[in-house]
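A quick write-up on the structure given underneath.
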Amino acid sequence: MKSSVIVFPGSNCDRDIAVALEKMQFKNQMVWHKDTKLPKSDLIVIPGGFSYGDYLRSGAIAGKSLIIDEVIKAANSGCLVLGICNGFQILTETGLLKGTLLRNKNLKFINKDVQIKTLNNETKFTNKYKKDQILKINIAHNEGNFFTDTKHLDELKKENLIAFKYCDENGNENQEANPNGSLENIAGILNAKKNILGMMPHPERMVDDIISNEDGINLFSSLLN
Amino acid sequence: MKFSVTVTLKKDVLDPQGKVVENTLVNMGMNNLKSIRQGKHFEIEVDENDQKNAEKKVDEMCKKLLVNLIIEDYKINKIS
Amino acid sequence: MKFSVTVTLKKDVLDPQGKVVENTLVNMGMNNLKSIRQGKHFEIEVDENDQKNAEKKVDEMCKKLLVNLIIEDYKINKIS
Amino acid sequence: MKITEQIIDKHGLKPEEYQSIKKLLKREPNLLELGIFSAMWNEHCSYKSSRIHLKKLPTKGKQVIQGPGENAGVIDIGDDDAIVFKIESHNHPSYIEPYQGAATGVGGILRDVFTMGARPIALLNSIHFGDPKHPKTKSLLNGVVSGIGGYGNCIGIPTVAGETKFNETYNENILVNAMAVGHAKKNKIFYSKAKGLNKSVVYVGSKTGRDGIHGASMASAEFDENSEEKKPTVQVGDPFTEKLLMEACLELMKDNSIISIQDMGAAGLTSSSVEMASKGSLGLELELNKVPCREDNMTPYEMMLSESQERMLIILEDGKEKKAKKIFDKWDLDFVVIGKTTNTNKLTLKFNNKVVGEIPIEALASKAPIYSRKWIKKKPCKNTIELKNLKKIKIEDALIKILSSPNHSNKTWVTNQYDQMVMCDTVQRSGSDAAIIRIHNKDKAIAVSVDSSANYCKSYPLTGGKQIVCENWRNLITVGAKPLAITNCLNFGNPENQEVMGEFAECLEGIKEACEFLNYPVVSGNVSFYNGTNKKNIFPTPVIGGVGLIKKLSKPLNHSFKETNSSLLLIGKTFGHLEQSCFLKENYSIDEGMPPEINLLNEKNNGENLLKLIDKNLILSSHDVSSGGLITALSEMSISSGYGAKILKPKKLTNLIKYLFGEDQARYIIEIKKNNSTKVEKILKDNDIYYENIGYTQRDFFEIESELKINVKDLFKINNEWYNTY
Ligand SMILES: Nc1ncnc2c1ncn2[C@@H]1O[C@H](COP(=O)(O)OP(=O)(O)O)[C@@H](O)[C@H]1O
Ligand SMILES: [Mg+2]
């Protein structure tokens, strides 16, 4: 499977995701934001980091870059797109995903391992997980507080577009288990066609037991499925 | 021509920052504080003599980049 | 009584954010843009009928919390 | 402009220093030249008070590739890998503007490391605040922590370890020390020494603004009531630009374009150009009209003294400009040839086609003043503390007091604000004795830790100096790393005060003795004097940052208990030394007496043999015993793991308070499988190591035989409360 990782000035999880993709046998290419052509790919990843310093609003400026037009075209023609952390923020800024990511409720950057629950395991991104499987995944962000209007929220629920929710060790979605104030503990969502996934947690940080755990591996192997 | 743009969160959008600022001020003893909302402020100078045109330009900047219309409102004012 | 407070970076202070926003707007084709500076904006309502007192309160909030006097300037305006 | 006494004073120069300047120039300097002298001759850049003492430090060893004197130290970790690291202070700016001060501190130390051709792989910090009750402490803590995180998180380098301490001695002068660690290929290290005539001197990075003018001389002056007025010298950091600068520099370093490279740190363009020229015994000519400026009408004086961040100076090989410029264009950074190397041995500054300043390089560098300041020896304190004269206290209460104190509370409130995982090589994050970072794509790793003990150093600097080196070495040992070398940040008061200078001299003597004995050389460092206000000086606070090597990374070792029913051994002898202990300080506010003595022979023997046990895979978890004594160390092992422990009454030392809270040195707690006991004990005996069997791990309860029994969950709560309610 061919993947492309888009690199913006200020992206800083680009190497991490590339390492994870290569470990999972993807044929990966890095794509510089000034490029106007996207190599043919089955998966496009927008990595985490601080594109353009997160100035103005996180993801806003990257959302206006040249390459993004190509990403939008590819997405609209069904290519799989994965946005992680800053990548998720960029996807909402381009409109590929609805909703937005506000500042964390406590106004602080948060880095820690949290539990998330797989709500929808019938997607290209999640089919190797069990329904309601609890994963322990690292988060690292300032603006991860998902917000959207009631109409969109209803749509997310009705169409089963919520991929992951924050939860505690036992799978309860309570406020204590919500690290950043996200609406209904939402950690990751899909678009209506389910070919785009945006998520705040970092699956690429969880593919190596010596560093953390391997809870992120199945996200990549789902894609290969 | 110079304009100021004020960008604020829409009423029904949660404003965690505003809340914290409000609480902090109240804790600091500012008990006459009724409410506080925080937003962004831009000062934009454009090279354009026609006010209509200039305003249109600024409006375009807002719509295209400066404002996230899903969660934010904005107001444009001419300063000079 | 309602006030608006505008907080801007002092003149000689580096404004990395403004620079990036400016470049982006120019790259997007807004070539009449001469300059853009970004700051913060607050809308503050205080429970106080005397304008002098109210203004003093708001000024105190600015000095004590809202403004970083070392790198920022601020302006208070009465709105209503 | 005529140079008046007042102008000289404003530049922080003493009248006799001005006389030397005139002698060296054989004329009066103009204002630009005076500014340059003041920037180069101040304490921060010239090390004029510290140099003669620093010379004594051991800086050599088989593992050392580059010792002090370059942007950062370089050590050999085998194969073709080198580690580049340094620590630096940003105390004064952080007190004035905590967020930006701390952020630019991180930015500055990162540049020191990537200038040498290394990709930064870890950040550490040592931060010291005043009394938590002091009105400024809370906002300073908030600002500094978010500033450190703000910069490191954005640029994408994990912040993995550090220390956060509180003591009223820092009420008016906090300490913010940042350390950066990078990885380079051994044969691809870059230095600042200029070489060759007529080579292009290139300015890259951000534009120059009017910020931070005279930052370096500010760091060399005490604060007083007027320091508020010095505020405009604060710089604003731009981690985004630094990220671009770092990537651009590392990209340019892939081939052989660079002759020499130097970041613009304190004293900006001045110190970077002088340093390059002085090391290469060359001259440098700069055309100041070419300097990229952020503001209109900047004067040569402002350009030369600005401390705008995220800038570098590079000397290029002939004909490489085009290719180099292309790289910087790609990253949207300025790239301008602003001068050339000359054979004049002078710094020549041209502006509007006129020479506006010309100074012999040696006058700014090797001929800068060096002082052998008077100092007095600290007298040992004869007082000892008799427990029987103190109000009786229950062990449980004393322990709770310590675990819930600001200094011993769990630091996750701090460390959760730092991205510790980015780059995906962090094997051990904050929370253990040392962090472990894997070398990318290899199965080896380094361990890193920073440590200080201001109370010990204050009460008896010689012992204190030795102690911090040893504590730092122990922290690396406990995670299974062989300690290789250190960097140090020496935070002291006013060097013109003889007592302060004595503290400095003796701390350094202590550091030297320990480093020599342990073969733990100093490869880089930084001195920060004038920490204090109005004659009130801070406690002497040298901070040691150590790097160790884990040759073969298997299961990382840390201080969390691993299972129930394993044996707990205490390595090293317990005498029950309570003077200067956290027990007396937290429970009785007593801070008299001598710190615990250091026996370097035992340190070395205990540490090296623990490493052997670790290499033989005999250790489940290990932790050094430091502030708070045995009981505190054991509690930490419980709290971080959720497992309890049962500690038996000691056979020898009968006073339980002394036994549990004494801070005797060279001690470790190890957890081992019961059936490995014989093997482990034999090795310890064979190597003349004193050890005791102190108990075993168990489920749920932390227990001292017939003294106390607390649920580990409660201990956890006690230990985690303070920050969240502060
Ligand atoms: N400011 C900080 N930044 C990063 N890590 C920190 C900071 N303060 C404390 N820590 C981490 O918290 C843990 C406990 O610190 P400390 O009690 O000083 O450890 P030790 O006594 O072993 O040196 C360590 O892992 C340390 O790295
Ligand atoms: Mg320790």
Side-chain angles (χ1 to χ4, degrees), chain A residues 7-20 22-23 32-35 47-56 58 61-62 65 84-86 104 106-114 137-143 179-180 201-213 216, chain D residues 119-120 142 145-160 237-248 310 329-333 412-431 436-438 440-441 443 445 550 553-556 724:
Chain A
V7 184
F8 294 102
S11 294
N12 63 33
C13 302
D14 45 333
R15 186 185 83 177
D16 301 352
I17 185 76
V19 168
E22 273 153 25
K23 178 173 176 160
W32 182 238
H33 72 112
K34 284 182 185 163
D35 294 353
F50 285 68
S51 58
Y52 296 92
D54 265 4
Y55 295 140
L56 191 63
S58 44
I61 296 183
S65 60
I84 301 167
C85 199
N86 194 227
N104 296 342
N106 69 353
L107 302 186
K108 289 186 165 43
F109 187 95
I110 305 171
N111 175 225
K112 60 178 178 187
D113 292 350
V114 298
I137 300 216
N138 196 253
I139 55 167
H141 56 247
N142 241 324
E143 283 99 7
N180 51 27
H202 286 273
E204 80 280 15
R205 296 184 178 189
M206 320 313 268
V207 295
D208 187 346
D209 249 340
I210 226 175
I211 297 297
S212 47
N213 63 34
Chain D
R119 177 169 287 279
N142 267 311
V145 170
S146 54
I148 290 172
Y151 209 99
N153 298 343
C154 181
I155 193 167
I157 293 152
T159 303
V160 296
D238 179 5
F240 170 59
T241 299
E242 177 117 323
K243 165 81 175 163
L244 306 184
L245 184 61
M246 175 174 89
E247 297 300 343
E310 292 94 22
D329 283 349
K330 168 181 166 195
W331 294 99
D332 299 320
L333 294 164
T412 46
W413 180 91
V414 176
T415 55
N416 281 355
Q417 297 185 52
Y418 303 149
D419 192 342
Q420 307 186 44
M421 283 283 282
V422 62
M423 297 183 90
C424 289
D425 283 314
T426 309
V427 177
Q428 175 64 52
R429 308 177 214 175
S430 279
I436 303 174
I437 308 294
R438 180 174 61 186
H440 196 59
N441 269 333
D443 64 351
I550 299 173
L553 186 65
S554 46
K555 253 221 310 288
N724 296 321

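For the numbers below, each heavy atom of this structure counts, side chains included, while hydrogens, waters and symmetry mates do not. A note on names: the letters A, B, ... follow the listed sequences, proteins ahead of strands, and every chain is numbered from 1.
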Exercise. What part of D:Ser554 gets closer than 4.5 Å to chain A, counting heavy atoms only: side chain, backbone, both or neither?
Worked result: backbone

For this session: Search all heavy atoms of D:Cys154 against all heavy atoms of A:Gly53 and return the closest pair with its distance.
Result: SG-CA, 4.2 Å

Exercise. Of all residues at least two apart in sequence or in a different chain, which pass the salt bridge (charged side-chain N to carboxylate O under 4.0 Å, His left out) check with A:Lys34?
Worked result: D:Asp332

Problem set entry | Student check: side-chain heavy atoms of D:Ser146 and A:Lys108 closer than 4.5 Å | no

Exercise. Which residues pass the side-chain contact (heavy atoms from CB on, under 4.5 Å) test with D:Asp443, sequence neighbours left out?
Worked result: D:Lys552

Exercise. Does A:Arg15 come within less than 4.0 Å of D:Asp425, counting only side-chain N to carboxylate O?
Worked result: yes

For this session: Please work out whether the ring planes of D:Phe240 and A:Tyr55 are parallel, tilted or perpendicular, with thresholds of 30° and 60°.
Result: perpendicular

Problem set entry | D:Lys243 side chain reached by A:Phe50 side chain, heavy atoms, under 4.5 Å | no

Exercise. Quick one: are A:Ile210 and D:Lys555 in side-chain contact, heavy atoms under 4.5 Å?
Worked result: no

Exercise. After noting the C-alpha distance and the side-chain angles of A:Ile110 and D:Gln417, does the key distance pass the side-chain contact (heavy atoms from CB on, under 4.5 Å) rule?
Worked result: CA-CA 5 Å; A:Ile110 305 171; D:Gln417 297 185 52; over 6 Å; no

Exercise. For A:Ser212 and D:Arg429, what are the C-alpha separation, side-chain angles and deciding distance, and is it a side-chain contact (heavy atoms from CB on, under 4.5 Å)?
Worked result: CA-CA 10 Å; A:Ser212 47; D:Arg429 308 177 214 175; 4.2 Å; yes

Exercise. Backbone N or O of D:Met423 within a donor-acceptor pair of the A:Asp16 side chain at under 3.5 Å?
Worked result: yes

For this session: Check whether D:Thr426 gets within reach of chain A through its side chain, its backbone, both or neither, counting any heavy atom under 4.5 Å.
Result: backbone

Seminar exercise, completed: Residue from A:Asp113, A:Asn142, A:Asp209 scoring the most non-hydrogen pairs under 4.5 Å with chain D is A:Asp113

Exercise. Side-chain contact, heavy-atom cut-off 4.5 Å: A:Met206 with D:Cys424?
Worked result: no

For this session: Please report the closest heavy-atom contact between A:Pro9 and D:Leu244, naming both atoms and the distance.
Result: CB-CD2, 3.5 Å

Exercise. With only heavy atoms counted, which part of A:Val207 is less than 4.5 Å from chain D, the side chain, the backbone, both or neither?
Worked result: neither

For this session: Could you tell me which of A:Lys112, A:Arg205, A:His202 has the largest number of non-hydrogen atom pairs under 4.5 Å with chain D?
Result: A:Arg205

Exercise. A:Ile211 versus D:Gln428: any side-chain heavy-atom pair under 4.5 Å?
Worked result: no

For this session: Give me the one residue out of D:Asn153, D:Val422, D:Asp419 that meets side chain to side chain contact (heavy atoms under 4.5 Å, CB included) with A:Asn12.
Result: D:Val422

Exercise. Heavy-atom distance under 4.5 Å to chain A: side chain of D:Ile155, backbone, both or neither?
Worked result: backbone

For this session: Test side-chain contact (heavy atoms from CB on, under 4.5 Å) on D:Gln420 and A:Asn138 and set out the steps.
Result: CA-CA 10 Å; D:Gln420 307 186 44; A:Asn138 196 253; over 6 Å; no

